[in-house]
Each structure stands twice: as C-alpha cells, then as structure tokens.
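All residue numbers in this chain count up from 1 along the given sequence.
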Amino acid sequence: MKRSLVFKNRISFLFGGAIVRAKGEMNIETAASAYDAFVTITIHGRFDISLCESFRKAYEGYSKETCFFIDLREIEQLDTSALGLLLRMRSYLGCGAKVVIVTKSPQIRDILSVSRLGQYFSIASTISPH
C-alpha cells in the first residue's frame with residue numbers, strides 16, 4: 001500500500017513509501033516495505049515538538065502488527081518533547097507492537113537509557129528487519 005502525506009505541497013515517492021519533507025530544518029521521511037510489514041521513519045535535523053503532527057501522521061494508519069524503525073542517525077538535536085512523542089507513539093501502537101529506535105550516537109543512547117525508554121523500545125545501530 002502506498003501512503004502519501006502532503007506537507008507544504010512537497011511530496012515524492014521512495015520504495016513504495018512516501019517521503020515527506022517539511023520546511024526548514026525539520027524533516028521526516030517515511031518508507032514502507034511491501035505489504036507494510038516494515039515501516040522506517042527517518043528524522044533529519046531537529047527532533048522536537050515542531051514535528052508533533054507530522055511524526056504522528058508518519059505512523060498512524062498502519063497496522064499495529066507493523067514493525068517500525070525510528071531512524072535517528074541523522075538528527076542534530078533531540079529534546080525532551082521528542083521523548084514524549086516517542087512515548088505517545090508507543091501508547092498509540094500498544095505494548096505488543098515492535099518499535100526499534102536506530103541510532104549510532106552514544107549521546108542519544110545515553111538519553112534513551114537515562115530516560116528508561118529502553119523499557120519500551122528496542123535500540124539498535126542499524127536497520128535490520130530480521
């Protein structure tokens with residue numbers, strides 16, 4: 001299923017999923033595999049409250065059996081509101097959904113550890129659907 005989000009009238013398609021680019025420093029890309037078995041949500045630049053609506057739209061509408069990868073390898077800034085957005089996603093999907101946060105940054109891993117988000121999400125350094 002192709003899914004497209006229109007944000008500021010800019011849209012393109014990649015691997016059957018929609019890429020949504022917001023204006024300025026905030027960017028979110030969503031790519032879905034065949035049959036929406038895996039969805040990768042990639043965030044570029046800042047991950048903060050300004051992405052609330054577009055981040056929510058990136059995961060809503062998919063089956064709760066979908067495996068989600070939240071790719072934070074390209075973010076420059078992560079604030080506490082982003083942690084709240086991740087928890088809101090977890091609440092929406094339920095505790096049975098598989099959600100993997102992908103990051104190579106030791107600082108982001110520390111933030112996730114201190115905030116105990118590792119209890120609610122898997123944390124990995126690469127995207128691996130298997």
Side-chain angles (χ1 to χ4, degrees):
M1 169 175 105
K2 284 192 178 181
R3 187 178 133 136
S4 61
L5 303 172
V6 178
F7 191 81
K8 299 289 182 187
N9 297 322
R10 297 170 70 185
I11 189 164
S12 60
F13 290 92
L14 172 70
F15 304 116
I19 297 177
V20 180
R21 295 198 186 274
K23 192 174 183 180
E25 295 179 293
M26 49 185 184
N27 290 313
I28 292 183
E29 297 177 8
T30 304
S33 67
Y35 308 108
D36 295 338
F38 303 99
V39 173
T40 302
I41 301 170
T42 304
I43 300 170
H44 302 275
R46 297 175 56 160
F47 188 17
D48 58 22
I49 195 66
S50 65
L51 293 180
C52 181
E53 187 68 21
S54 53
F55 182 69
R56 184 183 56 77
K57 287 180 180 179
Y59 62 81
E60 281 186 348
Y62 287 102
S63 165
K64 295 187 180 180
E65 281 77 45
T66 299
C67 177
F68 290 91
F69 293 95
I70 310 302
D71 188 352
L72 302 181
R73 292 178 293 182
E74 305 219 4
I75 66 167
E76 299 163 0
Q77 181 180 348
L78 175 81
D79 71 8
T80 56
S81 63
L83 302 179
L85 296 175
L86 290 167
L87 287 172
R88 181 186 287 179
M89 176 189 191
R90 168 51 75 200
S91 176
Y92 174 83
L93 295 173
C95 59
K98 182 168 182 174
V99 181
V100 179
I101 296 175
V102 181
T103 182
K104 290 185 177 183
S105 166
Q107 294 87 0
I108 292 176
R109 284 180 176 271
D110 288 346
I111 290 169
L112 297 173
S113 175
V114 168
S115 64
R116 298 191 175 206
L117 286 182
Q119 296 176 3
Y120 305 104
F121 303 94
S122 298
I123 301 171
S125 58
T126 60
I127 296 173
S128 178
H130 303 290

Rounded to the nearest 0.5 angstrom, the CG-SG distance for Asp36 and Cys67 is 12.5 Å

With side chains defined as the heavy atoms from C-beta onward, is the minimum distance between Thr40 and Glu29 less than 4.5 Å? no

Could you list the residues that satisfy side chain to side chain donor-acceptor pair (under 3.5 Å) with Ser122, not counting sequence neighbours? none

Least distance between heavy atoms, Thr126 atom then Arg73 atom: CA-NH1, 4.3 Å

Once rounded to the nearest 0.5 Å, what's the spacing between atom CD1 of Ile75 and atom CG of Asp48? 10.0 Å

Test side-chain contact (heavy atoms from CB on, under 4.5 Å) applied to Ser63 - qualifying residues, sequence neighbours left out: Glu65, Thr66

To the closest 0.5 Å, what do you measure between CG (Leu72) and CD (Glu76)? 12.5 Å

Flag side-chain contact, heavy atom, 4.5 Å: Ile70 against Val100: no

Counting heavy atoms not belonging to Lys64, are there more than 12 under 6.0 Å from its NZ? yes

Counting C-beta onward and ignoring hydrogens, is there a side-chain heavy-atom pair between Phe55 and Met89 closer than 4.5 Å? yes

Counterpart residues, side-chain contact (heavy atoms from CB on, under 4.5 Å), relative to Glu74 (two or more places apart): His44

Kindly determine whether Phe47 and Leu86 satisfy side-chain contact (heavy atoms from CB on, under 4.5 Å), including the steps that lead there. CA-CA 10 Å; Phe47 188 17; Leu86 290 167; 4.1 Å; yes

Mind checking the CG-CZ spacing from Leu85 to Arg90? Nearest 0.5 Å is all I need. 15.0 Å

Qualifying residues under side-chain contact (heavy atoms from CB on, under 4.5 Å), relative to Arg88, sequence neighbours excluded: Cys52, Tyr59

Please tabulate, for the side chains in residues 105-121, all donor-acceptor contacts under 3.5 angstrom to protein atoms that are two or more places apart in sequence or on a different chain.
from   : atom 1 : to     : atom 2 : distance (Å)
Ser105 : OG     : Gln107 : N      : 3.3
Ser105 : OG     : Gln107 : OE1    : 3.0
Ser105 : OG     : Ile108 : N      : 3.2
Arg109 : NH2    : Thr103 : O      : 3.4
Ser115 : OG     : Ile111 : O      : 2.8
Ser115 : OG     : Leu112 : O      : 3.2

Do Phe38 and Phe68 have ring centres separated by under 6.0 Å? no

Could you tell me whether the side chain of Ile43 reaches within less than 4.5 Å of the side chain of Leu51, counting heavy atoms only? yes

